[in-house]
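All remarks here apply to the structure that follows.
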Amino acid sequence: MPPALAADHPARPAPPRPATAGFSIIELLVVVGLIAVVTGIAVLMMPGTVRSSKADSALTVLTGTLRKARDRAVSERRDMEVRFVGTNEIDIYRWEVPSGTTLVSRTVLEDGARFLLYSALPDTPDGFGKTSSVCFGSATALVFRSEGTFTDNNANLDPISGTVFIGMDDDTVSGRAATIFGPTALVRGYRWDGRQWSE
């Protein structure tokens, strides 16, 4: 083409190439495979996580009930007796003056949690014993005193320490425990993590 004609007709730009959109079939299969693996792991772990969460909630209810009874005994200047009824009920009675008792609180452990001692588990770090699920020796009454102690109802009002063990069916990982230290009425909660007790 002569030079004059080339100047009159500039070269046309190349047509745009179509953009590549989407994913290849291999990329999609990899993503679907990863989603399936993560979902499978979550499904397998879900029952244990739910059960552990329910056991933690039951321990929170148990320790909260005991601490509330201790606090009421001190603030109201009235002794509060704790009664463990059946397999999952905690009743708190206020000792009235000059005599008699009044039910001030009734708490029921829910979601299948109950007073339960797993023979395979060791005692808690506090070491108050584990002869039964509600273990306070031979105490005839368990009482938070108005001066801030936890005692038996014997003539000497001796401070008594002990443990309440709870769990759900045969699953030891749901094992939980609440301890009460008699001289100060301190309430502690413990959970079994599969290897040891931890607060």
Seminar exercise, completed: Closest non-hydrogen contact found for K130 with D123 is CD-N, 3.6 Å
Problem set entry | Candidates I90, L117, V164 - the one meeting side-chain contact (heavy atoms from CB on, under 4.5 Å) with V134 | V164
For this session: Please test I166 against L116 for side-chain contact (heavy atoms from CB on, under 4.5 Å), starting from the C-alpha separation and ending with a verdict.
Result: CA-CA 5 Å; I166 61 174; L116 181 62; 5.9 Å; no
Problem set entry | Aromatic F150 / basic R70 pairing, under 6.0 angstrom, 45° off normal | no
For this session: Could you tell me whether a side-chain N or O of N153 sits under 3.5 Å from a main-chain N or O of T140, the two making a donor and an acceptor?
Result: no
For this session: Check whether any side-chain heavy atom of L29 lies under 4.5 Å from a side-chain heavy atom of E27, and answer yes or no.
Result: no
Problem set entry | Same apolar cluster: L109 and F165, side chain cutoff 4.5 Å | no
Exercise. Distance from N88 atom CG to L62 atom CG, nearest 0.5 Å?
Worked result: 11.5 Å
Exercise. Where is the tightest heavy-atom contact between A73 and R145, given as atom of each residue plus distance?
Worked result: CB-O, 3.8 Å
Problem set entry | Connected via hydrophobic side-chain network under 4.5 Å: V61 and M168 | no
For this session: May I have the step-by-step check of side-chain contact (heavy atoms from CB on, under 4.5 Å) for F136 and F128, ending in yes or no?
Result: CA-CA 8 Å; F136 291 92; F128 296 147; over 6 Å; no
Problem set entry | Heavy-atom side-chain contact between S146 and R77 under 4.5 Å | yes
Exercise. OG1/T101 to CD/E96 distance, rounded to the nearest 0.5 angstrom?
Worked result: 8.0 Å
Exercise. Which atoms form the tightest heavy-atom contact between T124 and W197, and what is the distance?
Worked result: CA-CD1, 3.7 Å
Problem set entry | Heavy-atom closest pair, residues L66 and A178 | CD1-CB, 4.3 Å
Exercise. Does some side-chain heavy atom of W192 sit less than 4.5 Å from a side-chain heavy atom of S52?
Worked result: no
Problem set entry | Side-chain heavy-atom pair V104, Y93 within 4.5 angstrom cut-off | no
Problem set entry | Partner of R188 by side-chain hydrogen bond (donor to acceptor under 3.5 Å, both in side chains), out of D126, T179, T63 | D126
For this session: Using atom types as modelled and distance alone, determine if a side-chain donor or acceptor of R78 lies under 3.5 Å from a backbone N or O of S75.
Result: no
For this session: May I ask you to test the S105-K68 pair for a side-chain heavy-atom distance under 4.5 Å?
Result: no
Problem set entry | Which atom of Y118 lies closest to which atom of D169, heavy atoms considered | OH-O, 3.0 Å
Exercise. Are D91 and R106 within salt-bridge range, i.e. N to O under 4.0 Å?
Worked result: yes
Problem set entry | Side chains of R191 and D56 in contact at under 4.5 Å (non-hydrogen atoms) | yes
Exercise. Going hydrophobic residue to hydrophobic residue with side-chain gaps under 4.5 angstrom, can you get from F115 over to Y190?
Worked result: no
Exercise. Is it true that atom CD1 of I26 has more than 12 heavy atoms of other residues, nucleotides or ligands lying nearer than 6.0 Å?
Worked result: no
Problem set entry | Shortest non-hydrogen contact from A58 toward A113 | CB-CB, 3.5 Å
Exercise. If you round to the nearest 0.5 Å, how far is CG of D171 from NZ of K54?
Worked result: 12.0 Å
Exercise. Side chains of L186 and I180: closer than 4.5 Å at any heavy-atom pair?
Worked result: no
Exercise. Taking R72 for the side chain and M80 for the main chain, is one N or O donor matched with an acceptor at less than 3.5 Å?
Worked result: no
Exercise. When rounded to the nearest 0.5 angstrom, what distance separates OG1 in T172 from CG in L121?
Worked result: 5.5 Å
Exercise. Hey, what do you get for CD (E81) to OG1 (T102), rounding to the nearest 0.5 Å?
Worked result: 12.0 Å
For this session: Find out whether L142 and D152 are in side-chain contact, i.e. whether some heavy atom of one side chain is under 4.5 Å from a heavy atom of the other.
Result: no
Exercise. Is it the case that more than 12 heavy atoms not belonging to Q196 sit under 6.0 Å from its CD atom?
Worked result: yes
